[in-house]
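Notes to accompany the following structure.
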Amino acid sequence: MGHKRLNPARSVSHPPFHLWGCGESDSPESEATRIPLSPTQVRSATPASVWTPAEQKPSLGAAQGSLNSQREPAQQRPLRLEAPSRSAPSKGSTSCQRGRSGRARLHGDRSERRARGPSLDLSSGTRGKAPRLKNAALLGPGVLQATRIFHTGQPSLAPLPPLPEHGGKVRLGLIPEEFFQFLYPKTGVTGPYVLGTGLILYFLSKEIYVITAETFSAISVIGLLVYVVKKYGASIGEFADKLNEQKIAQLEEVKQASIKQIQDAIDTEKSQQALVQKRHYLFDVQRNNIAMALELTYRERLHRVHREVKNRLDYHISVQNMMRRKEQDHMINWVEKHVVQSISAQQEKETIAKCIADLKLLAKKAQAQPVL
Amino acid sequence: MNENLFASFTTPMMMGVPIVVLIIIFPSILFPSPNRLINNRLATVQQWLIQLVSKHMLSIHNYKGQTWALMLMSLILFIGSTNLLGLLPHSFTPTTQLSMNLGMAIPLWAGTVVMGFRHKTKASLAHFLPQGTPLPLIPMLVIIETISLFIQPVALAVRLTANITAGHLLIHLIGGATLVLMNINPVTALITFIILILLTILELAVALIQAYVFTLLVSLYLHDNT
């Protein structure tokens with residue numbers, strides 16, 4: 001009676017340990033292929049007659065008003081069909097125009113996209129101008145001037161023409177270079193100077209210009225002015241240039257900082273995108289880890305189950321063995337007891353006498369034998 | 001010497017047409033309005049100057065006083081430019097005319113006083129009586145303070161007129177002296193000419209200072225009354 005060993009077979013069909021990451025790759029394209037519907041497509045899909053806020057208020061009392069408002073978008077719709085490109089800039093114009101034709105503009109958006117063609121939209125433009133005066137003849141002109149609305153159009157976004165680098169060239173600080181060039185073909189280099197000298201001498205000699213007290217004050221003032229300009233002119237010019245440079249440098253710095261920020265953002269985004277591409281490795285490792293842990297736990301449990309079951313079965317076996325042994329012993333004892341009991345005294349005496357007789361016989365035989 | 005000493009102070013007429021308005025308007029074209037971010041040198045320097053002056057001049061005012069910034073800045077620019085242009089030969093300076101200076105001073109001063117009376121009536125009336133006067137002197141002091149208040153615009157105008165006119169006159173006189181001394185003794189004429197140069201420098205300074213003083217006093221009156 002040996003002990004039985006049990007090997008419980010695996011009842012659960014466990015799939016083999018699967019390693020992720022072998023030959024699998026995430027497809028980022030699958031996410032990008034979902035293109036959302038653009039609102040224009042959505043809006044153009046709905047027919048104009050279905051959705052109108054004016055048509056959704058069917059009250060008898062306001063039937064007239066709703067009829068009028070229904071007519072208004074209907075009227076404006078063929079207008080808008082003709083006027084697509086002109087109404088686009090006028091969308092950003094006066095607020096009254098925007099407020100008045102707000103509802104119609106929704107229809108206009110759709111119809112704009114349907115038909116495109118250049119033409120003037122005079123009706124919407126004139127609707128946004130100054131209020132019309134009918135019966136105020138006395139106050140008319142004044143009020144008209146006073147209520148003139150400025151800035152009706154959009155400001156010109158074109159850049160101003162650039163300033164020239166240097167001013168026009170002058171000689172003696174007063175006379176432009178072009179004058180010398182003008183006289184050069186006829187009078188050569190010294191022409192303008194001779195002309196100037198001659199004029200001055202002419203004015204002096206003919207007393208067209210009189211030398212008075214003011215002459216000396218003129219000499220002093222203009223002399224002082226020339227001296228100051230010659231001495232400090234360049235430095236003041238440099239100072240002005242420096243002021244402008246500072247302004248530009250500030251703005252340039254802002255621009256560069258903004259560019260750098262955006263560049264940094266782009267780089268960060270790119271690196272993060274790269275990381276996302278390689279993220280599946282991490283997931284595979286994690287999956288592998290978890291699968292291993294699961295397997296380990298499963299096996300552990302299995303082993304425990306096996307052990308427990310074996311323990312219980314061993315117990316039963318040992319109980320059986322013990323019972324059998326006990327029974328055996330008991331039986332032996334019982335048999336012995338009864339045999340011993342069954343031997344009566346007389347039998348015992350007879351047995352003993354028989355044994356003694358046998359012994360004597362044997363002894364005789366034994367005595368007889370070695371003699372041979 | 002055809003004309004008298006005060007010929008340069010008459011209202012300029014050209015063939016019977018008074019062009020004094022043109023002369024008054026003329027300095028405004030010397031201050032181009034900057035319509036772009038980076039301007040030419042003239043506009044940049046003017047911009048910088050105006051920023052400097054306005055910062056210093058308006059730092060003492062509260063919010064109500066700082067609404068006068070445009071007025072004060074245009075005042076100082078106008079007076080400064082007309083004074084400086086008046087130093088050129090044969091030019092007419094509008095600020096030598098008392099009429100014009102009164103026309104500038106009285107409205108500005110009256111504006112500050114009326115504003116003070118409207119917004120801080122008690123404080124404006126309290127200006128008439130300095131603190132800590134003994135009781136018997138109060139009526140006389142009130143009268144004196146009233147007189148000093150009403151003399152403010154007159155003082156502003158006359159100060160400016162007198163300074164500029166006196167400067168111009170001195171220049172004329174010394175120039176005339178130089179002219180006459182040229183024939184008699186050129187060396188003395190040279191000395192006189194040097195004096196003239198120094199005087200011109202002084203006049204340049206006076207031109208600017210007077211503008212500054214005018215504007216400063218107006219701003220002071222403003223500060224009292226806001």
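All chains are named by letter (A, B, ...) in the order of the sequence lines, taking the proteins before the strands, and each is independently numbered beginning at 1.
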N/O donor to acceptor pairs below 3.5 angstrom from side-chain atoms of residues 163-173 of chain B, sequence neighbours left out:
unit_1   : atom_1 : unit_2   : atom_2 : d
B/Asn163 : ND2    : B/Arg159 : O      : 3.1
B/Asn163 : ND2    : B/Gln210 : OE1    : 3.3
B/Thr165 : OG1    : B/Thr161 : O      : 2.4
B/His168 : NE2    : B/Thr93  : OG1    : 3.0

Residue [X] excluded, over 12 heavy atoms near [atom1] under 6.0 Å:
X	atom1	result
A/Tyr232	OH	no
B/Lys64	NZ	no
B/Met73	CE	yes
A/Glu253	CD	no
B/Ile151	CD1	no
B/Phe117	CZ	yes
A/Gln256	CD	yes

How many angstroms lie between [atom1] in [X] and [atom2] in [Y], if you round to the nearest 0.5 Å?
X	Y	atom1	atom2	answer
B/Ile194	A/Ser220	CD1	OG	12.0 Å
A/Leu225	B/Thr200	CG	OG1	11.0 Å
A/Phe216	B/Leu196	CZ	CG	9.0 Å
A/Leu243	B/Asn39	CG	CG	11.0 Å
B/Arg41	A/Phe239	CZ	CZ	12.5 Å
B/Ile38	A/Asn244	CD1	CG	4.5 Å

Name all residues meeting the salt bridge (Lys or Arg N to Asp or Glu O under 4.0 Å) criterion together with A/Glu252; count only those two or more places apart in sequence or in a different chain, and write none if there are none. A/Lys255
B/Leu179 vs A/Thr215, test: side-chain contact (heavy atoms from CB on, under 4.5 Å). Steps then yes/no. CA-CA 9 Å; B/Leu179 179 67; A/Thr215 314; over 6 Å; no
Quick check: under 4.5 Å, non-hydrogen atoms only, which of residues 80-89 of chain B neighbour chain A? B/Leu87, B/Leu88, B/Pro89
Residues 45-55 of chain B vs chain A, non-hydrogen distance cutoff under 4.5 Å, contacting residues -> B/Val45, B/Gln47, B/Trp48
Is it the side chain or the backbone of B/Leu42 that comes within 4.5 Å of chain A heavy atoms, both, or neither? neither
What option among A/Gly237, A/Ser217, A/Pro164 has the most heavy-atom pairs under 4.5 Å with chain B? A/Gly237
Heavy-atom side-chain proximity of B/Leu37 to A/Ile248 below 4.5 angstrom: no
